[in-house]
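Heads up: the structure comes next, in structure tokens.
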Protein chains: 2
Amino acid sequence: MTSLGDKGSVQTQTKVLSQGCWTQVSCPCCVSEQVEPLVYIKLSNNIEPVTKRWLISLIEASKRHGGAALLAHPGEDECGDVIVVSAPRCTLLKATEDLGLCKKYRNEEMVAFAYHDRDNFSNVDDMQEFLTLAERQYIVKIELDSLQAQKKQRIPGVPDAPGVLEAWENICQKLERLGVIKDIFPLHDQQRLNDLGRSWYSKKQIWRQPLDAIHSYFGGTVAFYFSFLDFYTWALVPPAFLGLVLTFLLPGGGGVVKEQAGEGVMEEDNDGPSVSGHMVQAVFSMLWSTLFIELWKRRSSSLSHRWGTLNLAERFSEPRPGFHGTLGFNPVTGRLEPLFPEWQRQLRVGLVSLPLVGLFLGLVVLGMTGFYHGEALVQGFHQDSGSLFSGALLYLPSMAHIVYTNMLGNVYHTVAMQLTEWENHREESSFQNQHTTKVLLFTFFNNFAVLFHIAFYKQDLPLLRKRLASLLIWNQLVNQFTEVVVPFIVDRFLSAPHKKEQEDNLEVDKLRAQRSLPPFPGLFAEYIELLLQFGYLSLFSCVYPLTAVLLLLNNITEIRGDGYKICKLFRKPFSAPVSNIGVWQTAFEVLGFASVMSNCWLLLLSPRVQEFCLEGGISGKNIILFAILVEHVLILVKMILAFMIPDEPDWVRIKREQIEFNSMQALGQQKL
Amino acid sequence: MTSLGDKGSVQTQTKVLSQGCWTQVSCPCCVSEQVEPLVYIKLSNNIEPVTKRWLISLIEASKRHGGAALLAHPGEDECGDVIVVSAPRCTLLKATEDLGLCKKYRNEEMVAFAYHDRDNFSNVDDMQEFLTLAERQYIVKIELDSLQAQKKQRIPGVPDAPGVLEAWENICQKLERLGVIKDIFPLHDQQRLNDLGRSWYSKKQIWRQPLDAIHSYFGGTVAFYFSFLDFYTWALVPPAFLGLVLTFLLPGGGGVVKEQAGEGVMEEDNDGPSVSGHMVQAVFSMLWSTLFIELWKRRSSSLSHRWGTLNLAERFSEPRPGFHGTLGFNPVTGRLEPLFPEWQRQLRVGLVSLPLVGLFLGLVVLGMTGFYHGEALVQGFHQDSGSLFSGALLYLPSMAHIVYTNMLGNVYHTVAMQLTEWENHREESSFQNQHTTKVLLFTFFNNFAVLFHIAFYKQDLPLLRKRLASLLIWNQLVNQFTEVVVPFIVDRFLSAPHKKEQEDNLEVDKLRAQRSLPPFPGLFAEYIELLLQFGYLSLFSCVYPLTAVLLLLNNITEIRGDGYKICKLFRKPFSAPVSNIGVWQTAFEVLGFASVMSNCWLLLLSPRVQEFCLEGGISGKNIILFAILVEHVLILVKMILAFMIPDEPDWVRIKREQIEFNSMQALGQQKL
């Protein structure tokens with residue numbers, strides 16, 4: 001079906017642009033009747049034709065001559081502010097090898113693609129079949145990103161002073177800084193998009209997402225996000241079931257049946273589940289979080305094999321555009337490129353970034369302390385005076401805190417981005433991981449500081465339960481509203497007339513219209529939402545057992561909502577081929593360990609346990625010591641369990657070892 | 001110097017055996033005038049000549065005909081009970097490629113050796129230069145180990161019933177089981193051994209060991225042990241210095257100067273260092289253990305590069321002789337060999353080995369509990385009666401405990417070996433690691449159970465200090481005596497006449513005499529000694545700051561003692577090329593983490609801290625909570641530090657990536 005969709009779509013889209021205006025290729029294997037528009041470059045409105053011609057000639061020029069070896073189309077006329085870019089077969093195939101993508105060999109195995117051996121790979125004659133749309137578009141992006149000035153030169157049509165390119169300066173970055181290039185984004189393929197949408201968020205397929213189609217259309221990072229969301233949602237079923245059982249079937253559990261019943265959530269005098277229920281929940285949560293992460297790793301590696309990213313060669317490809325350093329020969333690949341010593345990066349991370357991040361986390365704590373102090377102060381004042389003015393003052397601390405937190409957050413986001421730039425990572429993925437880690441730590445801290453304060457400092461479990469329930473329900477309502485309802489309304493009612501209007505216009509304008517959509521904001525917000533959820537669930541779930549049920553309900557709608565959003569409401573994002581969800585996996589893993597500590601502590605604080613100890617005549621000191629022992633043992637068990645479950649299924653390991661063995665063999669025979 | 005030694009030695013040794021009796025080789029590149037005897041096979045005394053001839057023909061036969069492609073020499077005559085084995089150039093070179101050893105390329109870089117490209121490697125015409133003695137001998141061993149029956153057949157000269165080889169049965173294992181082969185061991189080269197000994201444990205070079213020469217003569221595992229011992233000894237200098245300062249310069253430290261002075265060790269009423277000294281020691285110990293392990297990892301990887309083991313291919317070579325399974329084609333290499341599914345092994349480890357090991361550790365605890373109970377019982381009885389009989393009874397519990405511990409130890413060693421065999425590991429290294437882990441856990445537990453009991457259950461710090469001091473001094477005396485003094489006496493006085501006698505005998509008997517030495521017992525005992533030391537130091541050092549000084553003194557003599565031992569007192573061991581110290585590194589790392597917990601706890605228990613709290617009016621509960629917080633923070637710091645320090649120096653990383661890049665390139669170009 002996908003294959004039909006692919007072929008069909010080319011025919012649809014090729015109507016859009018007159019085929020004659022595409023770059024003429026000389027290479028016989030790259031000649032094709034119909035060129036597929038892949039990427040859209042929006043230029044400045046007042047661009048000089050000479051600049052546009054220069055840029056097109058660069059895009060078309062061969063690699064040897066410092067070009068990108070792509071196909072360019074000047075849009076409706078030579079003076080327009082648009083360049084549409086596509087890629088010829090040779091460029092696509094060579095880039096596939098450089099990326100280290102695995103493709104189907106004639107024996108149906110996934111094999112690292114080799115340009116020299118191309119004829120033995122399946123579908124190698126049909127680029128629409130051989131590479132996914134997302135891969136083709138990503139290849140165009142990296143080829144554009146790799147454009148460098150071969151020598152010091154000036155950009156035609158741009159005033160002298162800013163328009164001089166230094167030798168080896170990155171051209172696209174320079175042009176974006178100069179405002180010559182406004183935007184570069186991949187083009188949607190409406191027919192395939194509609195097909196995808198139908199099988200994704202329509203009512204027909206409620207139990208599974210079309211992951212392969214998502215991967216093929218949106219690419220690696222997006223597909224991995226939805227796979228993870230899918231896996232996580234299914235994984236929520238057991239804790240949700242346990243939560244339901246503990247709440248409704250075993251109220252009060254271990255003999256101490258009090259006011260505990262099914263009424264559930266908002267009761268302040270409700271002491272929560274019984275000791276035994278508490279224990280069951282804590283141990284279950286520990287085991288569940290370990291199993292969840294370990295099984296996800298296995299799932300992730302099998303997806304990576306399926307999507308041919310088991311053997312990515314990012315380390316050996318060209319550095320990311322923002323990377324700078326002294327020009328020299330890369331000691332590994334022998335290529336001429338900027339070099340930057342690893343130890344210097346390590347020092348920057350360790351001696352500057354780490355302390356600065358720590359400082360900001362400290363400021364969060366400071367803000368919270370200030371808030372609590374302020375609140376106590378104002379409340380004291382109000383109790384003393386009782387006037388209307390002092391009543392109004394009651395709102396001051398929380399407002400000040402909100403303003404403070406927002407300002408801090410904004411400053412931090414800038415600092416985090418600049419620090420990561422300054423750390424000067426060579427690979428895009430390590431840049432992303434470092435940046436994500438920084439923002440993630442802060443966001444997490446910001447969200448959980450109050451809960452930790454209530455749980456560990458105030459030690460007020462009923463308040464914690466109340467807070468958690470309201471957070472969960474409130475967050476869910478807000479999220480569902482902003483993520484599902486608002487987009488739906490916007491799409492159906494607000495942009496509908498706009499759409500109709502377009503139908504009559506030229507086909508080129510359809511492409512242009514894609515630019516009117518906002519750019520895709522990235523997956524950070526989506527992942528952090530899942531991580532916070534997971535935090536509520538694993539850190540505090542034994543306080544409020546229905547957490548998992550609420551999250552499960554939330555995620556089922558979340559999947560469709562996110563799918564709808566990415567298909568309809570944003571420009572298509574570039575998406576790199578990846579082999580896992582990167583630093584997010586680590587974040588979930590770390591949270592799993594933190595949850596053991598948190599659960600042990602909450603167990604210790606639980607009034608039922610305290611009561612139990614008083615009755616049994618056990619001293620407070622001994623019960624703490626016992627809790628520490630339990631914590632350490634549980635962490636040990638968790639580590640052993642994580643170590644025992646292999647991170648990849650046997651069959652993936654064998655495939656990976658086959659690739660390694662083959663390249664070892666090849667090395668041995670190479671110089672015969 | 002090494003090269004001269006190498007060449008000289010061949011000339012010395014070749015006097016031993018008549019060159020004419022060696023296997024005649026047909027391959028022109030393997031012909032050499034003088035064949036170097038590498039490995040000695042001791043056969044049963046009453047072996048039939050037909051069996052010996054059959055075995056020799058197997059050793060000589062080409063791989064294609066199911067032989068080992070080695071050179072054999074029948075010793076003094078055809079009927080003797082000896083076969084001396086050597087290896088021709090082709091076999092050595094092919095095995096070098098199979099092992100994945102890196103050798104010097106003509107551009108002086110270390111490159112994974114490829115047989116087809118052999119002419120571009122340095123010294124490839126001179127096997128004595130190209131491979132180390134240890135590598136040549138190890139290759140002979142693996143070639144002998146790989147001998148398999150091509151079809152069901154009977155062994156000539158052995159009675160029918162036991163003497164039938166099944167198809168694909170391992171021949172050497174079978175012959176050893178039948179008693180036909182008594183021993184297989186590599187031969188010493190007296191001249192090189194003397195040279196090595198002179199530069200190693202003579203007085204001239206006290207500050208550094210000749211690690212390269214050790215590696216070349218004794219091989220990877222031995223060289224890595226001595227490198228680690230060397231590194232560890234140097235690493236002891238800072239804590240020893242700190243210990244001296246804390247003991248002699250800052251007695252009593254933080255204002256509370258009591259009876260604390262330089263008299264040091266055995267004082268029971270000595271409260272140990274002050275609070276601040278205690279704190280310094282604990283934090284220092286945490287940082288030191290992290291830095292020690294991380295820097296060792298870097299040292300280890302640079303040694304691995306130096307010795308060409310950065311790219312070992314054990315996974316892809318043939319399975320170890322003890323491995324069994326259903327015969328099939330290895331999915332990775334395509335070779336016909338026994339197969340055993342990985343998940344089944346994992347299940348065996350997880351569901352059988354792990355619980356059984358846990359059971360034995362439980363039995364150790366049970367024994368200790370029994371001992372303490374018995375002691376209390378007997379003491380009560382003695383106080384009641386006070387008779388001579390009850391006085392004698394006082395010794396009963398500890399004697400019973402010693403007998404119990406010994407028996408348990410013996411049973412456990414058998415169980416551990418059989419469990420590991422049953423787990424059926426494919427690679428020798430993973431077999432060794434699993435077996436070492438099992439024995440290690442037990443030994444460690446056995447040694448530390450009493451100390452942990454005193455520290456954490458009895459909470460009796462003065463007793464702990466006393467026990468630690470006596471353990472350290474006692475262990476040291478016993479070890480030095482058994483490891484250095486006894487060997488020296490044996491070698492100088494007892495075996496001297498025996499040696500003189502030999503001088504008159506035939507040269508062949510010199511080889512035969514090497515068999516009279518006991519086989520080398522392996523490095524387990526040496527490593528576990530270091531690990532226990534490290535345990536005393538990092539787990540309890542803040543109780544007794546002079547630990548590091550004593551250990552430093554011990555290790556300086558240990559290095560020479562161990563060197564003397566391995567050179568003079570044992571048969572030469574086979575030693576595989578390895579790239580690190582394997583599971584021992586993990587053990588040291590785990591101990592580092594345990595030490596954080598232990599130090600926090602000891603700090604909490606220290607009488608000075610308790611006093612300090614009482615004075616400050618801090619409740620016992622709060623101080624415990626504070627200690628937990630400190631523990632968690634320190635562990636976090638340790639983990640961040642371990643993560644920040646790269647495990648290999650930059651230049652090694654680049655070399656490794658070069659190898660990977662080259663093999664990726666080769667794979668791409670292979671099918672041109």
Side-chain angles (χ1 to χ4, degrees), chain A residues 97-98 100 111-120 311 313 315-316 330-334 341-343 346-347 349-350 354 456 597 601 619-621 624-625 627-628 631-632 640-641 644-646 649-651 653-672, chain B residues 97-98 100 111-120 311 313 315-316 330-334 341-343 346-347 349-350 354 456 597 601 619-621 624-625 627-628 631-632 640-641 644-646 649-651 653-672:
Chain A
E97 177 172 359
D98 288 344
V111 171
F113 179 72
Y115 183 73
H116 283 115
D117 192 29
R118 58 189 175 279
D119 294 332
N120 282 324
N311 198 32
R315 284 170 308 165
F316 303 138
N330 183 317
V332 176
T333 61
E342 181 67 30
W343 60 266
Q346 289 277 351
L347 277 188
V349 173
L354 202 68
F456 298 127
M597 299 175 207
W601 176 254
S619 81
K621 198 172 146 183
I624 293 181
L625 292 181
I628 302 174
E631 186 213 311
H632 284 75
I640 292 176
L641 209 61
M644 290 289 304
I645 301 175
D650 260 20
W651 66 271
R653 184 181 52 79
I654 289 172
K655 302 280 178 198
R656 194 175 40 72
E657 286 187 352
Q658 274 172 351
I659 295 174
E660 284 168 34
F661 181 71
N662 286 339
S663 62
M664 208 188 71
Q665 292 284 84
L667 186 64
Q669 276 147 25
Q670 183 190 33
K671 297 146 195 166
L672 182 58
Chain B
E97 178 173 359
D98 288 344
V111 171
F113 179 73
Y115 182 74
H116 283 114
D117 192 30
R118 57 189 176 279
D119 294 332
N120 282 324
N311 200 32
R315 284 169 308 164
F316 302 138
N330 184 318
V332 176
T333 60
E342 182 67 30
W343 59 267
Q346 290 276 353
L347 277 189
V349 173
L354 204 68
F456 299 127
M597 301 174 206
W601 176 254
S619 81
K621 199 173 146 184
I624 292 182
L625 292 179
I628 302 174
E631 186 212 312
H632 283 76
I640 292 177
L641 209 62
M644 292 287 306
I645 301 176
D650 260 19
W651 66 269
R653 183 181 52 78
I654 290 172
K655 301 280 176 196
R656 194 175 42 73
E657 285 186 352
Q658 275 172 353
I659 295 175
E660 283 167 35
F661 181 70
N662 286 338
S663 61
M664 208 187 70
Q665 293 284 84
L667 186 65
Q669 277 147 26
Q670 182 190 33
K671 297 145 196 167
L672 182 59

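Both backbone and side-chain heavy atoms feed into the values below; hydrogens, waters and symmetry mates do not. Please read all numbers here as calculations on a predicted model, not as lab measurements.
- With sequence neighbours left out, A:R656 forms a salt bridge (Lys or Arg N to Asp or Glu O under 4.0 Å) with A:E648, A:E660.
- Contact between B:I654 and A:V332 at its shortest, heavy atoms only, is O-CG2, 3.8 Å.
- Highest contact tally toward chain B, considering only A:L354, A:T333, A:I628, A:N311, is held by A:T333 [criterion: heavy-atom pairs under 4.5 Å].
- At a 4.5 Å heavy-atom cutoff, A:L641 makes no contact with chain B through either its backbone or its side chain.
- Ranked by heavy-atom pairs shorter than 4.5 Å toward chain B, the options A:R118, A:E631, A:K655 are led by A:E631.
- Contact annotation for A:Q346: both backbone and side-chain heavy atoms come within less than 4.5 Å of a heavy atom of chain B.
- Heavy atoms of A:W601 lying under 4.5 Å from chain B belong exclusively to its side chain.
- Taking A:Q658 as the reference, nothing meets the side-chain hydrogen bond (donor to acceptor under 3.5 Å, both in side chains) condition, with sequence neighbours excluded.
- Neither the backbone nor the side chain of A:I645 comes within less than 4.5 Å of any heavy atom of chain B.
- Counting heavy atoms from C-beta on, the side chains of A:E342 and B:P646 never come closer than 4.5 Å.
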